[in-house]
Amino acid sequence: MYNNFGPSYQEQRLQQLMEQKQLRDFMRMYTNLVARCFDDCVTEFTSNKLGDKELTCVSRCAQKNMKLNERVGQRFGEENAKLMEEQARLGR
Amino acid sequence: MFGGMFGGGGGSQKPAQPAGMGGMPGMGMGQGQGQMDPNAQLAAAEQEMEMVTDMFARLGELCNKKCLIQRYADDELTKAESVCIDRCVAKYFQVNREVTDKLAKISQANQQ
């Protein structure tokens, strides 16, 4: 199909790696989010069900953290682009 | 969701850079590096990806800790938090530059 190490094989492989990586990172982010919201919102164990306050907190926590990630992602992209440009100019 | 992460970092259009040079983040692995062994190239690209996403995760964690002080009073980012996040990311990259430069100077001095 593809001769090994032709440029299209490289691209394909890189694409594959990126997709796998993104999936892994999404899973990691998800489990971290759950842990964080649990840690921040669940403070007592007088019941084995989440109370209203805890439910609201968890909902806001998830929402807020997703928004934070989104914003960090945007700024990261911008800053990274700047960095790449600087490096290209310096010829590093 | 992760689209924004690599968005600004560019891809194959950027000029090709030697792998691992300067230890800086960014997807500098352009096409046209035919001289390099393809396996090494892939490994280098993978490593760079790893580094970038690690940095992104840390950044998220740190800016969360430093900027989301009011634990979930509501579910939107407040103006203060938004501004804080922007500055947090900018400063993080500055620290990255400073540390990289410093390390380069130190290792240069060590070689003399």
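Keep in mind that what you see is a predicted model, and the values were worked out from it rather than measured. So you know, we letter chains A, B, ... as the sequences are listed, proteins then strands, and number each from 1. Note that these values count all heavy atoms, side chains included, but never hydrogens, waters or copies made by symmetry.
By the side chain to side chain donor-acceptor pair (under 3.5 Å) test, B:Gln111 pairs with no residue at all, sequence neighbours left out. Remark: A:Arg75 pairs with A:Glu78, B:Asp86 by the salt bridge (charged side-chain N to carboxylate O under 4.0 Å, His left out) rule, at least two apart or across chains. Checked against salt bridge (charged side-chain N to carboxylate O under 4.0 Å, His left out), A:Lys67 has the following partners two or more places apart in sequence or in another chain: B:Glu76.
The residue among B:Leu59, B:Ile85, B:Asn64 with the most heavy atom pairs within less than 4.5 Å of chain A is B:Asn64. Here B:Ser82 is the residue among B:Ala90, B:Ala73, B:Ser82 with the most heavy-atom pairs under 4.5 Å with chain A. Listed options B:Glu81, B:Glu50, B:Glu61 were ranked by heavy-atom pairs under 4.5 angstrom with chain A; first place goes to B:Glu50.
Side-chain contact check for B:Asn96 versus B:Met55: some heavy-atom pair is nearer than 4.5 Å.
With A:Gln15 as the fixed residue, the side-chain hydrogen bond (donor to acceptor under 3.5 Å, both in side chains) test singles out one of A:Gln12, A:Glu19, A:Glu11: A:Glu19.
Pairing of B:Cys88 with B:Cys67 by a disulfide is not supported, the SG atoms lying 2.5 Å or further apart.
Neither the backbone nor the side chain of A:Asn32 comes within contact range of chain B; no heavy atoms are under 4.5 Å apart.
Taking a cutoff of 4.0 Å between a charged side-chain nitrogen and a carboxylate oxygen, B:Asp54 and B:Arg58 qualify as a salt bridge. Between A:Lys82 and A:Glu79 there is a salt bridge, with a side-chain nitrogen of the basic residue lying less than 4.0 Å from a carboxylate oxygen of the acidic one.
When the heavy atoms of residues 36-56 of chain A are compared with those of chain B, the residues falling under 4.5 Å are A:Arg36, A:Asp40, A:Cys41, listed by number.
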